[in-house]
A.B. asks: 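Right, I'll just put the structure down here and ask away after.
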Amino acid sequence: MENQIILDGKKLAAEIEADLIERVKKIKEKSGITPSLATILVGDNPASVTYVRMKGNACRRVGIEPLKVEMPEDTTTEQLLAKIDELNRDDTVCGILLQHPVPKQIDEQKCFNSISMEKDVDGVNVASFGAFTMGLDAYKSATPFSILSILKRYEIPLEGKNVVVVGRSAILGKPVAMLLLNENATVTICHSKTVDLPYYTRQADIVVAAVGKPKFIQADWVKEGVVLVDAGYNKGNIGDIDLENAAPKSSAYTPVPGGVGPVTIAKLMEQSVIAAEKKFL
Ligand code: NAP
């Protein structure tokens with residue numbers, strides 16, 4: 001399409017990080033403390049190892065101390081809850097991130113919920129979800145927050161727009177639907193039991209793909225001029241939308257890689273810095 005906008009996440013992430021570097025400097029100058037973000041990795045899922053490393057690198061770029069907590073694959077829910085409790089009570093830790101997914105034997109949501117709201121910088125606690133859904137002050141789920149920030153940064157109108165979110169996970173589909181609803185979009189959430197999914201995506205002004213299946217959304221499932229937001233990040237840097245064929249029809253799209261991913265990390269850093277500012281300034 002003519003005048004197509006590439007929703008450049010790398011560029012936006014760099015802008016966010018530049019601001020955070022200054023804010024962390026201020027925290028250090030005024031309090032003499034280097035804020036830290038704890039990342040908990042249970043097991044050695046290769047994708048999770050990579051994500052945790054990327055988050056550690058981002059911490060270092062903005063001046064936050066990454067506190068890496070590694071736990072074995074056979075960790076129990078009780079052991080993980082005890083570790084989270086320890087980090088909740090540690091005054092030097094401003095934010096706690098539990099890398100998703102955890103091994104099957106662990107009750108992930110119970111562990112998410114045990115992260116204290118003041119340190120839940122990844123917005124995974126149900127209390128955080130409830131609060132930001134109601135428009136109250138709480139840390140937001142990082143990927144949904146990233147999607148919203150990208151759309152706002154590039155001035156994509158949301159009010160009254162038909163948005164179709166494909167996927168309803170607790171960390172992505174559901175919270176992004178709530179954030180977009182709060183922006184007065186008309187939101188439809190589709191999932192694996194949706195009958196005739198393309199019927200819905202074809203009506204959409206904006207499609208948000210959060211499925212976890214490479215190139216799942218086809219070019220003929222979307223209308224001309226659609227805005228495509230691809231949160232998918234599958235093996236080989238492939239998104240959930242067949243961007244090669246669908247992007248040319250769009251008025252704007254997030255590339256994969258370089259779209260939602262970098263901003264997600266930047267938003268996680270931003271919320272960690274806010275937590276540190278609240279604690280130390
Ligand atoms: P998830 O927990 O596996 O959820 C996938 C969702 O897609 C579920 O709600 C599922 O429906 C739905 N789905 C699966 N097959 C479908 C089908 N055939 N038709 C319609 N819906 C279907 O995944 P997630 O954690 O939300 O992640 C989704 C994607 O985002 C993945 O590619 C992941 O790597 C990526 N991701 C990216 C970031 C980032 O920062 N860029 C962060 C997190 C995740 P049911 O509920 O009915 O099962």
Side-chain angles (χ1 to χ4, degrees), residues 7-10 12-13 16-17 39 41 45-58 97-104 106-109 112 121-124 129 139-151 163-180 187-202 204 207-218 221-222 228-243 253-272:
L7 305 170
D8 186 341
K10 250 181 156 170
L12 174 54
I16 296 169
E17 281 191 10
T39 54
L41 174 65
N45 174 311
S48 295
V49 171
T50 306
Y51 289 140
V52 167
R53 191 175 53 239
M54 285 160 74
K55 288 163 188 172
N57 290 342
L97 172 100
L98 170 59
Q99 184 61 45
H100 157 90
V102 293
K104 283 193 186 71
I106 295 175
D107 183 341
E108 183 177 75
Q109 194 58 53
F112 279 159
V121 292
D122 204 17
V124 292
F129 177 84
Y139 299 117
K140 299 174 183 67
S141 311
T143 309
F145 193 19
S146 150
I147 292 170
L148 186 65
S149 307
I150 292 170
L151 293 170
V163 180
V164 172
V165 177
V166 188
R168 57 171 167 181
S169 73
I171 61 145
L172 187 39
K174 269 182 200 146
V176 79
M178 294 304 119
L179 292 179
L180 293 166
V187 183
T188 304
I189 308 175
C190 296
H191 46 78
S192 67
K193 306 291 184 286
T194 298
V195 176
D196 196 3
L197 178 65
Y199 165 81
Y200 294 96
T201 51
R202 282 186 193 119
V207 172
V208 178
V211 196
K213 296 200 162 141
K215 299 188 181 181
F216 179 74
I217 308 237
Q218 310 292 307
W221 294 12
V222 299
L228 296 173
V229 178
D230 193 344
Y233 198 64
N234 306 290
K235 246 192 188 154
N237 286 343
I238 295 170
D240 288 347
I241 301 177
D242 179 7
L243 282 174
Y253 73 97
T254 56
V256 179
V260 175
V263 183
T264 296
I265 294 181
K267 285 283 150 188
L268 183 63
M269 294 303 122
E270 184 180 278
Q271 299 201 116
S272 303

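Each ligand, and each atom within it, is numbered from 1 in the order the structure gives.
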A.B. asks: Partners of Thr194 by side-chain contact (heavy atoms from CB on, under 4.5 Å), sequence neighbours excluded?
C.D. replies: Cys190, His191, Leu197, Tyr200
A.B. asks: With respect to Val166, which candidate in Ile217, Val208, Thr188, Ile241 satisfies the side chain to side chain contact (heavy atoms under 4.5 Å, CB included) definition?
C.D. replies: Ile217
A.B. asks: Report, in ascending order of atom number, the atoms of ligand 1 lying under 4.0 Å from any heavy atom of Ile171.
C.D. replies: 25 (O), 43 (C)
A.B. asks: Between Ile265 and ligand 1, which residue portion shows a heavy-atom distance shorter than 4.0 Å: side chain, backbone, both, or neither?
C.D. replies: neither
A.B. asks: Just to confirm my output: which protein heavy-atom neighbour is closest to atom 32 (O) of ligand 1, and how far is it?
C.D. replies: Tyr233 N, 3.0 Å
A.B. asks: Out of Ala231, Cys190, Pro262, indicate the one that has the non-hydrogen atom closest to atom 36 (N) of ligand 1.
C.D. replies: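 Selected option, by shortest heavy-atom distance: Ala231.
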A.B. asks: Considering the heavy atoms of Gly261, write down every atom of ligand 1 situated less than 4.0 Å from one of them.
C.D. replies: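 Contacts of ligand 1 toward Gly261, numbered from 1: 41 (N).
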A.B. asks: Taking ring pair (Phe, Tyr, Trp, His ring centres under 6.0 Å) as the test, write out the residues that go with Phe216, two or more places apart.
C.D. replies: Trp221
A.B. asks: Just need the protein heavy atom nearest to atom 47 (O) of ligand 1, so name the residue and atom and give the distance.
C.D. replies: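 Answer, as residue, atom name and distance: Ser192 OG, 2.5 Å.
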A.B. asks: Give the residue, atom name and distance (to 0.1 Å) of the protein heavy atom nearest atom 12 (C) of ligand 1.
C.D. replies: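 Of the protein heavy atoms, Gly167 CA, 4.0 Å lies nearest.
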A.B. asks: Can you check which of Ser141, Ala210, Pro101, Ala170 brings a heavy atom nearest to atom 28 (C) of ligand 1?
C.D. replies: Ala210
A.B. asks: Between Ser141 and Leu172, is there a donor-acceptor pair closer than 3.5 Å when you use the side chain of the first and the backbone of the second?
C.D. replies: no
A.B. asks: Where on Asp240 is there a heavy atom closer than 4.0 Å to ligand 1, on the side chain, on the backbone, on both, or on neither?
C.D. replies: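 Near ligand 1, Asp240 shows its side chain, while the N, CA, C and O stay back.
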A.B. asks: Note the single closest protein heavy atom to atom 26 (O) of ligand 1, along with its residue, its atom name and the distance in Å.
C.D. replies: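 Nearest protein contact, heavy atoms only, for atom 26 (O) of ligand 1 is Ser169 OG, 2.5 Å.
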A.B. asks: As an exercise, identify every atom of ligand 1 less than 4.0 angstrom from a heavy atom of Leu172.
C.D. replies: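 Answer, ordered by atom number: 26 (O), 27 (O), 28 (C), 30 (O), 36 (N), 44 (C).
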A.B. asks: With atoms numbered from 1 as shown, which atoms in ligand 1 lie under 4.0 angstrom from a non-hydrogen atom of Gly212?
C.D. replies: 28 (C), 29 (C), 31 (C), 32 (O)
A.B. asks: Can you see which heavy atom on Gln99 is nearest to which on Ser48, and at what distance?
C.D. replies: CG-CB, 3.7 Å
A.B. asks: If you count the atoms of ligand 1 from 1 in the order shown, which ones are under 4.0 Å from a heavy atom of Asn234?
C.D. replies: 32 (O)
A.B. asks: Please walk me through it: do Met269 and Ile16 pass side chain to side chain contact (heavy atoms under 4.5 Å, CB included)?
C.D. replies: CA-CA 9 Å; Met269 294 303 122; Ile16 296 169; over 6 Å; no
A.B. asks: Using the rule side chain to side chain contact (heavy atoms under 4.5 Å, CB included), only one of Asp230, Ile238, Asp240, Asn234 pairs with Val256; which is it?
C.D. replies: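 Testing each of Asp230, Ile238, Asp240, Asn234 against Val256, the sole residue satisfying side chain to side chain contact (heavy atoms under 4.5 Å, CB included) is Asp230.
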A.B. asks: Looking at atom 18 (N) of ligand 1, what's its closest protein heavy atom, distance included?
C.D. replies: Phe216 CZ, 3.4 Å
A.B. asks: Can you see which heavy atom on Pro101 is nearest to which on Asn45, and at what distance?
C.D. replies: CG-ND2, 4.5 Å
A.B. asks: For atom 46 (O) of ligand 1, which of Arg168, Met54, His191, His100 has the closest heavy atom?
C.D. replies: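 Among Arg168, Met54, His191, His100, the closest heavy atom to atom 46 (O) of ligand 1 comes from Arg168.
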A.B. asks: Identify, for atom 15 (N) of ligand 1, the protein heavy atom at the shortest distance, and state residue, atom and that distance.
C.D. replies: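 Heavy-atom neighbour on the protein nearest atom 15 (N) of ligand 1: Lys213 NZ, 3.1 Å.
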A.B. asks: Measure the distance from atom 14 (C) of ligand 1 to every protein heavy atom, then report the residue, atom name and distance (to 0.1 Å) of the closest one.
C.D. replies: Val211 CG1, 3.7 Å
A.B. asks: Please find the pair of heavy atoms, one from Glu17 and one from Ala58, that lie closest to each other, and give the distance.
C.D. replies: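 That closest heavy-atom pairing would be OE2-CB, 4.3 Å.
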A.B. asks: For a side chain to side chain contact (heavy atoms under 4.5 Å, CB included) with Leu268, tell me which candidate from Thr39, Val263, Thr143, Asp122 qualifies.
C.D. replies: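 When Thr39, Val263, Thr143, Asp122 are each tested with Leu268, the side chain to side chain contact (heavy atoms under 4.5 Å, CB included) holds only for Asp122.
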A.B. asks: May I ask you to identify the nearest protein heavy atom to atom 40 (O) of ligand 1, giving residue, atom name and distance to one decimal place in Å?
C.D. replies: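 Of the protein heavy atoms, Thr264 OG1, 3.0 Å lies nearest.
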A.B. asks: Looking at side-chain heavy atoms only, is the closest gap between Ile150 and Val260 below 4.5 Å?
C.D. replies: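 Yes - at least one pair of side-chain heavy atoms lies under 4.5 Å apart.
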